[in-house]
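First up is the structure itself, then whatever we jot down about it.
In what follows, chains are A, B, ... by sequence order, proteins preceding strands, each numbered from 1.
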Protein chains: 2
Amino acid sequence: MVNKKGTRAVNPGKRTRLPAAERRAQILAVARDLFVTQGFEQASMRRIADAAGITPTAIYDHFADKEALLTAIAADFFDGLVAAMTMPPDAATDPLGLLRQLMINYVRYGLAHPNEYRLVFMTSLSRFVPTLGHRGLPCSGVVPEEVAQKTVKAMQSFGILQTGIERLVAAGLLRGDDPEGFADSVWAMGHGIVSLIITKGDSNFTPIDRWIDTSIGILMEGMRPR
Amino acid sequence: MVNKKGTRAVNPGKRTRLPAAERRAQILAVARDLFVTQGFEQASMRRIADAAGITPTAIYDHFADKEALLTAIAADFFDGLVAAMTMPPDAATDPLGLLRQLMINYVRYGLAHPNEYRLVFMTSLSRFVPTLGHRGLPCSGVVPEEVAQKTVKAMQSFGILQTGIERLVAAGLLRGDDPEGFADSVWAMGHGIVSLIITKGDSNFTPIDRWIDTSIGILMEGMRPR
DNA sequence: CACCTAACCTAACATCGATAAGTTTACGGT
DNA sequence: ACCGTAAACTTATCGATGTTAGGTTAGGTG
């Protein structure tokens with residue numbers, strides 16, 4: 001019960017040991033919970049370890065660092081986002097309603113996973129600091145592999161929106177001015193709502209449901225053929 | 001040169017002393033620079049102090065904590081934003097054009113100051129963490145005084161947009177459905193564009209000028225009386 | 001000159017993410 | 001049944017962070 005250095009185990013002999021896969025999954029579950037309830041910064045490795053019933057260093061046997069925890073969670077986030085934006089085939093009968101539902105699902109899913117959303121869509125990772133371009137705009141330097149992969153994933157969900165809009169344009173249900181610009185603008189609107197609420201809270205804005213309704217109304221009306 | 005405890009001053013006798021106002025301004029300038037070039041987290045109090053030629057604790061004679069530095073910087077940013085969104089009186093002759101110009105100026109100012117914009121509109125302060133509401137949506141808890149003040153400042157620039165829209169509604173140039181929701185949505189669109197470009201770079205999107213044009217077109221058309 | 005306060009300092013605390021190196025448990029081969 | 005080995009987990013520690021308590025020094029006033 002007492003080791004070579006004379007120190008004492010926290011819970012001698014009673015500690016549960018788990019196979020790697022299970023422990024990994026458990027750590028991930030605990031970390032997700034703490035990230036969501038306390039935020040990324042507040043949820044320290046020590047607190048995560050405590051909640052998992054192990055010591056902080058044990059986490060590093062399963063994940064490279066704290067960021068890897070969030071990255072793993074983000075992967076799940078993207079899968080969920082794509083799933084939330086993938087419509088059943090019978091939805092094609094009401095194409096405009098589909099676009100409407102697409103945006104609703106995007107916003108709701110984003111607000112349901114604020115910390116993952118922030119990581120994925122609102123932060124360039126800490127060691128990937130923006131440098132200023134010639135017009136004061138950030139220009140990407142060397143992009144780490146994982147960030148690049150993440151971008152690909154993001155483009156997948158964006159692609160769903162884009163093809164949806166192109167289909168509506170082809171069907172004559174939307175103006176054909178600038179389909180690409182339409183998709184970007186719809187995304188900007190959805191992203192604007194989500195990110196504003198995430199950073200500022202929802203108390204200072206139009207109630208969410210009405211906000212979504214109004215914004216979608218503007219978009220639909222604004223993109224309709226005249 | 002050697003004090004009671006036997007320790008030694010870093011730069012004995014040569015340290016420059018400044019009156020509070022000057023030192024405060026200098027710290028602020030240095031902090032802004034470091035926040036902008038390295039990000040909020042990476043720019044530590046020790047590094048800021050080094051750059052200012054003082055010790056970290058001296059900062060606390062001028063600012064309550066690290067967050068107060070950011071708050072002060074944000075105030076300047078907001079002043080500039082309000083200025084950029086304050087229109088000459090003769091612009092009232094073309095109210096719709098004014099709204100258009102309002103959004104253009106917002107986006108351009110945001111893109112011209114990407115790092116301050118990120119600090120102010122895309123970073124929620126660490127101890128003001130969103131807690132989850134009954135539907136998994138973030139709801140604001142107790143809001144600290146300074147955050148509230150910052151919100152007030154933000155609301156000032158937002159107020160310009162809001163009253164502008166209200167005036168257009170009153171003049172019958174926009175629908176009267178939900179003026180508040182209109183203002184929020186216009187802001188969301190502008191913020192979405194700015195924040196997406198800031199985090200993802202401008203290379204993956206519709207060229208900025210066209211994007212702004214298209215989005216404003218959608219907004220105008222979408223809010224017009226039918 | 002003495003003194004007082006503004007301006008600044010040293011030393012330290014608690015906590016953070018992360019690493020090195022040690023210890024214990026479980027299990028497979030013999 | 002034994003035993004070795006690798007997986008699972010630990011202790012101890014590092015350097016860095018924001019922040020505080022309490023001391024020191026310089027510049028101006030009486």
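Atom CE in A/M45 sits about 19 Å away from atom P in D/dT17, given to the nearest Å. Atom C1' of nucleotide C/dC27 and atom CG of A/L18 are separated by 16 Å, given to the nearest angstrom. Remark: P of C/dG17 and CZ of A/F63 are 15 Å apart, rounded to the nearest angstrom. Protein atom CD1 of B/I54 is 12 Å distant from nucleotide atom P of C/dA7, rounded to whole Å. Nucleotide D/dA8 holds its C1' atom 11 Å from the CD1 atom of A/I27, rounded to whole Å.
Evaluation of atom-type donor-acceptor distances gives a pair under 3.5 Å for the side chain of A/T57 against the base of D/dT11. On a pure distance criterion of 3.5 Å, a polar donor-acceptor pair joins the side chain of A/R17 and the base of D/dA7.
Using a 4.0 Å cut-off between charged side-chain N and carboxylate O, B/D76 and B/R32 make a salt bridge. Electrostatic pairing of A/D61 and A/R24 does not count as a salt bridge here, judged by no charged N lying under 4.0 Å from a carboxylate O.
When each of C/dC8, D/dC9, D/dT19 is scored by its nearest atom to the side-chain atoms of A/R23, the top-ranked nucleotide is D/dC9. Nearest nucleotide to the B/R46 side chain, out of C/dA18, D/dT17, D/dA8: D/dT17. For B/T55, whose side chain is taken as the heavy atoms from C-beta onward, the closest listed nucleotide among D/dT10, C/dC9, C/dA18 is C/dC9. The side chain of A/A20 lies closest to D/dA8, out of D/dT13, C/dC8, D/dA8. Of the candidates D/dC9, C/dC16, D/dT19, the closest approach to any side-chain atom of A/R47 belongs to C/dC16.
Backbone-only contact: A/S44 has heavy atoms under 4.0 Å from sugar-phosphate atoms and none from a base. Within 4.0 Å (heavy atoms only), A/P56 reaches no atom of the nucleic acid at all.
Screening A/D65, A/T55, A/L69 against A/M45 for a side-chain contact (heavy atoms from CB on, under 4.5 Å) leaves a single residue, A/L69. Evaluated for a ring pair (Phe, Tyr, Trp, His ring centres under 6.0 Å) with B/Y109, the options B/Y117, B/F77, B/F121 yield exactly one hit, B/F77.
B/H62 has a side-chain polar atom (N or O) that falls below the 4.0 Å cut-off from OP1 or OP2 of C/dC8.
Ranked by how close their nearest DNA chain C nucleotide is to the 5' end, A/K66 and B/A21 are led by B/A21.
A cation-pi arrangement is not found for B/K66 relative to B/F35, the charged atom failing to lie both closer than 6.0 Å to the ring centre and inside a 45° cone about the ring normal.
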